[in-house]
2 protein chains.
Amino acid sequence: MINKRSPIPIYYQLEELIKDMIEKGTLKKGDMIPPEREYAEKYEISRMTVRQALNNLVNDGYLSRVKGKGTFVENRKIEQPLMGLTSFTEDMVSRGLEPRTKLLHLLKKEASASESEKLKIKQGAPVYEVKRIRLADDEPMALETMFLSAELVGELKEEVVNGSLYQYFEESLGYSIVNARQGLEASIVRKSEREYLNVPSGSPVLLIERTSYLADGKPLEFVKSIYRADRYKFLIDMNREGN
Amino acid sequence: MINKRSPIPIYYQLEELIKDMIEKGTLKKGDMIPPEREYAEKYEISRMTVRQALNNLVNDGYLSRVKGKGTFVENRKIEQPLMGLTSFTEDMVSRGLEPRTKLLHLLKKEASASESEKLKIKQGAPVYEVKRIRLADDEPMALETMFLSAELVGELKEEVVNGSLYQYFEESLGYSIVNARQGLEASIVRKSEREYLNVPSGSPVLLIERTSYLADGKPLEFVKSIYRADRYKFLIDMNREGN
DNA sequence: TAAGTCTATTGGTCTAGACAACTAGAATTT
DNA sequence: AAATTCTAGTTGTCTAGACCAATAGACTTA
């Protein structure tokens with residue numbers, strides 16, 4: 001449970017413990033969590049330490065406090081990593097659809113002029129081009145072409161490309177996307193795309209281009225996606241913090 | 001400076017005190033602020049109380065801490081209006097185009113079921129429906145239909161509707177939009193829209209629906225826009241603060 | 001019945017320390 | 001001169017309390 005002799009701070013251990021329960025659904029939105037004093041007694045730690053853990057979870061949007069009542073589980077939605085920027089996988093799951101990916105090709109090549117410009121690398125530098133069909137409930141949802149600087153991502157194997165690349169970047173490479181720029185426009189499906197998307201000629205599609213940036217400002221990826229308009233609506237919430 | 005007998009929490013007083021110095025420029029970016037123990041001694045308060053103040057400022061992006069070195073002033077977050085949410089007028093200007101608006105109609109009516117739901121008002125409550133053609137460099141760019149609760153905006157005159165409504169809301173009514181939810185999808189232009197947008201049959205269009213919320217959570221407006229895909233690309237930047 | 005009062009429980013603020021971990025520069029040793 | 005060690009100063013973690021403020025339900029009173 002909680003290891004007081006661990007070099008990992010107690011408040012952090014408690015934080016992860018509660019966060020897990022929220023993410024696993026043991027604690028649902030609106031539930032009241034045990035009072036601070038109870039945590040303190042149960043784990044034989046100071047209440048201030050409990051509060052440090054809870055404060056962090058409140059700041060991250062997992063919990064909210066009400067004086068005199070208790071501390072309650074919030075909608076995990078707020079914790080979205082980057083507003084409006086979710087991976088296809090997460091996006092589909094949140095819509096109640098089952099995501100799947102079909103790899104069309106994965107190739108390593110020299111960066112073209114436009115690719116090098118987007119990724120801010122030298123022309124001719126090695127890049128990966130990953131082209132995939134994204135399915136939801138086994139029906140094509142989007143056609144996606146992603147460009148990655150080979151220097152940043154190292155060797156890219158087929159197994160990796162079949163899953164969620166974001167997860168791979170975060171968990172295996174330790175990269176964290178902090179900025180993204182997207183462009184969205186409407187268009188008509190091209191002939192070459194029709195066979196992949198399985199739509200009739202003349203169908204509308206949503207073109208999404210995204211460049212994602214790491215903390216140091218380097219672009220990690222450039223992605224062009226073509227979404228079926230009959231199946232996909234791009235949703236985005238925006239807000240500014242108080243003050 | 002700091003009043004220990006005030007009902008205002010000490011940590012909050014200290015917070016405001018430091019925040020003021022940052023905003024007034026007494027403390028500049030990169031400056032190291034006095035060590036926690038110094039604040040504690042100077043104001044005769046506990047170091048934990050100082051830390052509570054500093055923690056809040058760190059969370060708000062005013063300060064950053066470096067273990068073993070000190071606490072430093074950060075670049076004060078730029079007060080972005082609302083990421084990705086600019087008025088048509090601002091949007092066009094930033095693209096180097098000259099915005100113009102042509103009013104199609106301005107009418108007051110009773111809210112339909114869907115309108116009342118979007119605006120969170122009672123069905124049958126008075127709403128304004130404003131339908132406008134948005135032009136850029138005198139060429140149609142979008143067709144826009146906006147719904148507003150009459151109770152919130154009071155009387156809406158034609159003169160007002162011909163300019164930037166956002167400006168009117170902010171400056172004349174004192175409303176400030178803090179949240180917005182947008183949905184974007186691709187479609188094919190409808191026959192009824194073609195004459196306004198001046199595009200051939202079968203042309204792709206970008207449908208944008210937006211609901212804007214005030215600080216108290218009330219929706220101020222619900223807007224449906226139809227943009228010409230051949231002229232308009234929706235651009236959005238996203239970022240998350242530190243972490 | 002209705003209104004007011006008490007009480008237990010909750011989170012909010014605050015103290016006065018302790019020791020750990022990290023940084024940078026000074027002092028020492030090799 | 002270079003490498004190592006020491007030291008002062010910083011933030012980070014944690015304790016074991018104290019009292020305040022808000023809530024909700026039980027209880028009392030008019």
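In what follows, chains are A, B, ... by sequence order, proteins preceding strands, each numbered from 1.
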Undergrad: Go through it in stages, so that I can follow the logic: the residues are B:Lys108 and B:Glu129, the test is salt bridge (charged side-chain N to carboxylate O under 4.0 Å, His left out), and I'd like the CA-CA distance, side-chain angles, deciding distance and then a yes or no.
TA: CA-CA 6 Å; B:Lys108 196 173 180 176; B:Glu129 176 183 314; over 6 Å; no

Undergrad: Do the side-chain N or O atoms of A:Lys69 get closer than 4.0 angstrom to the phosphate oxygens (OP1, OP2) of D:dA24?
TA: yes

Undergrad: Taking for each residue the nucleotide of DNA chain D with the nearest heavy atom, is it A:Arg37 or B:Glu38 whose nucleotide lies nearer the 5' end?
TA: B:Glu38

Undergrad: Between A:Pro34 and B:Ile8, who's closer to the 5' end of DNA chain C by nearest nucleotide?
TA: A:Pro34

Undergrad: If you assign each of A:Met32 and A:Pro7 to its closest nucleotide in DNA chain C, which residue comes earlier from the 5' end?
TA: A:Met32

Undergrad: In residues 41-54 of chain B, which residues come under 4.0 Å of DNA chain D by heavy atom?
TA: B:Arg47, B:Met48, B:Arg51

Undergrad: When the distance from NZ of B:Lys67 to C1' of C:dA20 is rounded to whole Å, what number comes out?
TA: 8 Å

Undergrad: Expressed in angstrom and rounded to an integer, what is the separation of B:Arg5 atom CZ from C:dC14 atom P?
TA: 14 Å

Undergrad: Start with the C-alpha distance between A:Tyr232 and A:Tyr227, add both sets of side-chain angles, then the distance that settles ring-ring contact (aromatic ring centres under 6.0 Å, His included), and finish with yes or no.
TA: CA-CA 6 Å; A:Tyr232 189 74; A:Tyr227 280 81; 4.0 Å; yes

Undergrad: Separation of A:Ile2 atom CD1 from D:dT13 atom P, in whole Å?
TA: 14 Å

Undergrad: Separation of A:Phe72 atom CZ from C:dT10 atom P, in whole Å?
TA: 11 Å

Undergrad: Within less than 4.0 Å of OP1 or OP2 of C:dT15, is there a side-chain N or O belonging to B:Lys4?
TA: yes

Undergrad: Between D:dA22 atom C1' and A:Glu36 atom CD, what is the distance in whole Å?
TA: 14 Å

Undergrad: Quick one: A:Leu57 CG to C:dG11 P, roughly how many Å, whole number?
TA: 14 Å

Undergrad: Which nucleotide in the set C:dG11, C:dC22, C:dC14 lies at the smallest distance from any side-chain heavy atom of A:Arg65?
TA: C:dG11

Undergrad: Atom CG of B:Leu14 and atom C1' of C:dT13: how far apart are they, to the nearest Å?
TA: 14 Å

Undergrad: Just so I know, are the side chains of A:Leu54 and A:Glu36 near enough to count as touching, which here means a heavy-atom distance under 4.5 Å?
TA: yes

Undergrad: Whole angstroms only, please: what is the OH-P distance between B:Tyr11 and C:dT15?
TA: 13 Å

Undergrad: Verify, without hydrogens or angle tests, whether A:Asn55 (side chain) and A:Arg51 (backbone) share a donor-acceptor contact under 3.5 angstrom.
TA: yes

Undergrad: Backbone N or O of A:Leu17 within a donor-acceptor pair of the A:Asp20 side chain at under 3.5 Å?
TA: no

Undergrad: Any donor and acceptor pair, going by atom type alone, linking the side chain of A:Glu38 with main-chain N or O of A:Pro35 inside 3.5 Å?
TA: no

Undergrad: To the nearest 0.5 Å, tell me how far B:Glu155 CD sits from B:Tyr128 OH.
TA: 5.0 Å

